[in-house]
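The model shown is predicted, which means the values in this text are computed figures rather than measured ones.
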Amino acid sequence: VGLDSETPLILAGNLAPGLVCVSLAERTAAGFATDLLLRVGGLLAWRRLLADPHVHLAIHNAPYDLAVACNEDLSLVPLVFEAYEAERIHCSIVTQKLVDVALGMRDFRRFVRNGQRVVTKAQYGLDDLVDHYFGEKVDKGGDTWRRSMALLRDVPIELWPPAARRYAVLDAVLHLRLREAQVQFILDR
């Protein structure tokens, strides 16, 4: 399950700000099934997913999302540690750093794309890794809702602007796609 949390901005002294929403993505035969849940529903989803021994979570920057969830509901802490111990939490940043170190490319990645040799600085933002694996550009700055999610806290999702809903759901889909691509890359080595 691809999972992402949206929060207000991180501020000095508050590295795990309040939860605005949780987005989920699961691969189906038809593509992706997605869900977008406000804080209370998102915390229930966290609890359900962490407690299910068959669910693996694909999260970009998992420590952040897990800290946000645990900051909202301390009773999730044991479930988080149990899921980590069971190797069911997969952080695409950590995975990529391990891949890069194993290949001797921690500073610069060298690969072939469309028949051309490419050298890029190793960076670990979601947009960087989506570009690396899929050659797709993701707008993580500019005119997105990334820095404005606090405005939507406690606003019913059906009242959210379509662009805000798309932004939140896209992250969960990208987390899952990225996890699948990383696993396939590792298996192909």
Do [X] and [Y] come within less than 4.5 Å of each other through their side chains, counting heavy atoms only?
X      : Y      : value
Ser92  : Ile59  : no
Thr120 : Phe108 : no
Trp46  : Val68  : no

Measuring from [X]:[atom1] to [Y]:[atom2], what's the distance to the nearest 0.5 Å?
X      : Y      : atom1 : atom2 : result
Thr34  : Leu170 : OG1   : CG    : 10.5 Å
Asp171 : Leu126 : CG    : CG    : 5.5 Å
Gln184 : Arg189 : CD    : CZ    : 12.5 Å
Ile89  : Leu50  : CD1   : CG    : 5.5 Å
Ile93  : Asp128 : CD1   : CG    : 10.0 Å
Leu174 : Arg179 : CG    : CZ    : 15.5 Å

Minimum heavy-atom separation for [X] to [Y], with atom names?
X      : Y      : value
Val101 : Arg106 : CG2-CD, 3.9 Å
Arg165 : Trp160 : NH1-O, 2.6 Å
Leu76  : Ala69  : CD1-O, 3.6 Å
His175 : Leu3   : ND1-O, 2.8 Å
Pro156 : Leu38  : CA-CD1, 4.0 Å
Cys91  : Pro63  : SG-CD, 4.1 Å

Answer yes if [X] and [Y] sit in the same cluster of Ile, Leu, Val, Met, Phe, Trp and Tyr residues linked by side chain heavy atoms under 4.5 Å apart, and no otherwise.
X      : Y      : result
Ile186 : Tyr133 : yes
Ile157 : Val155 : yes
Leu159 : Val169 : yes
Leu187 : Leu176 : no
Val94  : Met105 : no

Give a yes or no on whether the backbone of [Y] and the side-chain of [X] come within a donor-acceptor separation of less than 3.5 Å.
X      : Y      : answer
Asp65  : Ser5   : yes
Arg88  : Asp52  : yes
Ser23  : Ala168 : yes
Arg113 : Phe111 : no
Glu6   : Val20  : no

Go through the steps for Arg109 and Asp100 under the test salt bridge (Lys or Arg N to Asp or Glu O under 4.0 Å), then give the verdict.
-> CA-CA 7 Å; Arg109 291 191 194 107; Asp100 289 348; 3.0 Å; yes
Verify the neighbour count for atom CG of Asn114: are there more than 12 heavy atoms of other residues, nucleotides or ligands below 6.0 Å?
->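 Open: at most 12 neighbouring heavy atoms sit under 6.0 Å from CG of Asn114.
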With a cut-off of 6.0 Å (strictly less than), are more than 12 heavy atoms of other residues, nucleotides or ligands near OH of Tyr84?
->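 More than 12 heavy atoms, drawn from other residues, nucleotides or ligands, come within 6.0 Å of this atom.
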Decide side-chain hydrogen bond (donor to acceptor under 3.5 Å, both in side chains) for Ser75 and Arg47; before the verdict, give the C-alpha distance in whole Å, the side-chain angles of both, and the deciding distance to 0.1 Å.
-> CA-CA 9 Å; Ser75 71; Arg47 177 170 304 288; 2.4 Å; yes
For residues His60 and Tyr124, establish whether the separation of their ring centroids is below 6.0 Å.
->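 Distance test on ring centres: not under 6.0 Å, no.
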Determine, for Lys137 against Asp131, whether the closest basic-nitrogen to carboxylate-oxygen distance falls under 4.0 angstrom.
->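 A salt bridge is present here (some side-chain N lies under 4.0 Å from a carboxylate O).
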For Glu87 and His56, what are the C-alpha separation, side-chain angles and deciding distance, and is it a side-chain contact (heavy atoms from CB on, under 4.5 Å)?
-> CA-CA 8 Å; Glu87 300 177 6; His56 286 251; 5.7 Å; no
Quick one: is the NZ or CZ of Arg177 closer than 6.0 Å to the six-membered ring centre of Phe134, and within 45° of its axis?
->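 Geometry flag: set, cation within 6.0 Å and 45°.
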